[in-house]
There are 2 protein chains.
Amino acid sequence: MVTIKDVAEEAGVSIATVSSVINDSRPVAQATREKVLKVINEMGYKTNPVARALKVGNTKRILYIVPSIKNLVFAQFINQVQHSLIKKGYDLILLNNEARVDLTKSYLSIIHSSNIDGLIMTQTRSCGKLIVESCQQKKIPFVILFEPDIFKEESMVTSDEKTGMDQAVEYLISQGHHKIALLKVADSRNQNKRFHFFKEKLAESGLEFNNDWLITTAGHDEKAAYTAVTNYLQDKKPEFTALIGCNDFLTLGAIRAFRKYKLKIPAEISLIGYDDSIAEYLYPALTTVGLPKKKLAKKSVEILLNKIKQPDYQAEQNKFSQQLIIRDSVANLKKAK
Amino acid sequence: MVTIKDVAEEAGVSIATVSSVINDSRPVAQATREKVLKVINEMGYKTNPVARALKVGNTKRILYIVPSIKNLVFAQFINQVQHSLIKKGYDLILLNNEARVDLTKSYLSIIHSSNIDGLIMTQTRSCGKLIVESCQQKKIPFVILFEPDIFKEESMVTSDEKTGMDQAVEYLISQGHHKIALLKVADSRNQNKRFHFFKEKLAESGLEFNNDWLITTAGHDEKAAYTAVTNYLQDKKPEFTALIGCNDFLTLGAIRAFRKYKLKIPAEISLIGYDDSIAEYLYPALTTVGLPKKKLAKKSVEILLNKIKQPDYQAEQNKFSQQLIIRDSVANLKKAK
DNA sequence: CTGTTAGCGCATTCAC
DNA sequence: GTGAATGCGCTAACAG
């Protein structure tokens, strides 16, 4: 490995000078600078980030902790976060805690071992809480990316659930749907919020909310949703003409359940998903509420880097609106008549 | 931050002793050890990995460079690699080069800056070559995970393409298919290999290979496949009864194209995919050739860590067999008659 | 404008 | 069994 010392010797200057030209930390004579640059180039010198980190105290690495990677949304988030980070010269360290509390606990030491400059998390409530408390205690800068607002006083970047739900319901109404069901995970804080805005929007639109049209699932994936909807359909025929699933996977589970009961999609049941993760791959291509992933990722990185720079940086909270993406899973009842 | 010095002072011993009990690097009196351990615990001391890295020369970080993250297969690989790494005490740094040569080149400096102990890559030929050459030059331990065997002399872990294709073709034949088409990316080395085994298996099975039944695409995604298959169908009706797509996304593109031409799936056209990425989410659920992702990831990590430990570790090549996953996209022609 | 030096936190050799 | 001292590669304060 070629070190700064090697370069200094070869160039006939001191290591301080080499450091100066590398970091532009103080004026260097043009001739000297060129000489050093030339030697650096010739010897293929790269500054050792580990040594630099030890000296300067930062590692230029951000940990991103996600609850899953099987769900494509998180892969999409990871992608955006990594892109934003690399533009700023930071590396992304990835940690997947599977939304499991036990795993999270055992990973806490990784977080604490001061080998990261900051942390971005997209998490469930219980695991998120664990991480947030740890970071607070150890004074590790962090930002919550797309998490229900549990920690009002912390920096977080979320999407505006109201805009998405409003658009979804409005769209369904515009297509002639008046009986709308909702499918959500039983104990998800974020999805409860969607549920809240759902009811609110129905009321605003003069539509009744039927408690019978709320289907809850035990988990976040399509299997849980399939089970829930299948159970639902065993008892009764659906009176609703449309269903909004609180993520694309739930909606997929619903699609399968409806198919099992020979209900035509979208002719008999229209569907809307959330997240725009697998929506485009489904059949029919799923109309879904898209998340502003790029904006969310970019902003969270921006805030985090600010917090790293200024430890007293004021907690900042940002919301970005969601956008309904119209595809083929909603039938136009008006046209049909 | 609490340092080893703080611990030493508090415990009334030297830092050398503290270091000894942490690393078990030399005998320590039981009483001293307990005392030190107690203080470490009380003060919440964690050894600073950056300082450790500077001293010892390793960073306990592995870079995993993938060509995409939009394609779910890579997310699945990332997941497995991260799990394997963390078990061994290594962190995963993620880099996504989008399979772009320009991006790869600009990322090369990240690779070279000696802040990683090793590298795992899942790459296309052109980008892979760039990275391999860099690593060889800089003597960075690396292993190729699931890459067509370009570098015969390097460590790599691949899956056995023959087993998968054999199973796929055999299965199709068992369901009464004799006219089988193949859909692949035009210039993908790995897919050319699949094509090779495809022809080989057809010949073995006494089936003709019709050059007309090879459809090639310009890209790896469903859009490229949709375009290619649509163009194909514009000219002629498909004579084949089944098509194998060289990845699930290509196959999805084909499905859409067939649908456009009102061909029923699987009744009129049966389909098989590759990778088991989005296969299970499609409709009909796609029969596909699954990759042994977990085994691949685990083995590649194992080899890499060996290479890191022993610089002269002999290049090792491993193959794991693929497994056909039967779902609903292949019709049984025999039964139909 | 440039060189000398201290020290980031740790592991390790050499003494005792 | 234990401590003092050295240095990993680098940046920044201090001198000139």
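Within every chain, numbering begins at 1; the chains are lettered A, B, ... in the order of the sequence lines, protein sequences first and strands thereafter.
Taking only side-chain nitrogens and oxygens, B:T17 never comes nearer than 4.0 Å to OP1 or OP2 of D:dT2. When the side-chain nitrogen and oxygen atoms of B:T32 are compared with OP1 and OP2 of D:dT2, one or more of them lie within a distance under 4.0 Å. The phosphate of C:dA11 has OP1 or OP2 within less than 4.0 Å of a side-chain N or O from B:R52. Considering only side-chain N and O atoms, B:S19 lies nowhere under 4.0 angstrom from the phosphate OP1 or OP2 of C:dT12. Using a 4.0 Å cut-off, no side-chain N or O of B:N48 falls inside it from OP1 or OP2 of C:dC10. Distances shown here put every side-chain N or O of A:T3 at or beyond 4.0 Å from the OP1 or OP2 atom of D:dG9.
Of the residues listed (A:I62, A:I308, A:V132), the one engaging A:F142 in a side chain to side chain contact (heavy atoms under 4.5 Å, CB included) is A:V132, and it is the only one.
Atom CD in A:Q30 sits about 10 Å away from atom P in C:dC1, given to the nearest Å. The CZ atom of A:R26 sits 10 Å away from the C1' atom of D:dA13 (whole-angstrom rounding). One can place NZ of A:K60 at 16 Å from P of D:dC10, the figure rounded to the nearest angstrom. Here C:dC8 presents its P atom at 16 Å from CG of A:N58, a figure rounded to the nearest Å. Rounded to whole Å, atom P of D:dT2 lies 13 Å from atom CG of B:D24. Between A:K35 atom NZ and C:dG3 atom P there is a gap of 11 Å when expressed in whole angstrom units. C:dG9 atom P lies 17 Å from atom CG of B:N23, rounded to whole Å. If you measure from atom CE of A:M1 to atom P of D:dG7, you get 19 Å, rounded to the nearest angstrom.
In this structure, the nucleotide among D:dA12, C:dA11, D:dT11 sitting nearest to the side chain of A:I4 is D:dT11. Side-chain proximity of A:A51 to the nucleotides D:dG3, C:dT4, D:dG9 is greatest for D:dG9. Listed nucleotides: C:dC10, D:dG3, C:dC1. Nearest to the side chain of A:A29: C:dC1. Across C:dT12, D:dT11, C:dG9, the shortest atom-to-atom separation from the side chain of B:L54 is found for C:dG9.
Residue-to-nucleotide proximity on DNA chain D shows that, of B:P27 and B:K55, the 5′-proximal contact is made by B:P27.
For B:K5 against C:dG9, a side-chain-to-base donor-acceptor contact under 3.5 Å is absent.
When all heavy atoms of A:G57 and A:D117 are compared, the closest pair comes out as O-OD1, 4.4 Å. Here the shortest heavy-atom pairing between A:L54 and B:A51 reads CD1-CB, 3.6 Å. Heavy-atom minimum distance, A:D275 versus A:K293: O-NZ, 2.9 Å.
When heavy atoms are screened at a 4.0 angstrom cut-off, B:I15 is found touching base atoms of the nucleic acid.
Enclosure of atom NZ in B:K294 is not indicated, since only 12 or fewer non-hydrogen atoms of other residues, nucleotides or ligands lie within 6.0 angstrom.
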- Message: B:E316 vs B:K299, test: salt bridge (charged side-chain N to carboxylate O under 4.0 Å, His left out). Steps then yes/no.
- Response: CA-CA 10 Å; B:E316 188 177 328; B:K299 192 67 187 178; 3.7 Å; yes
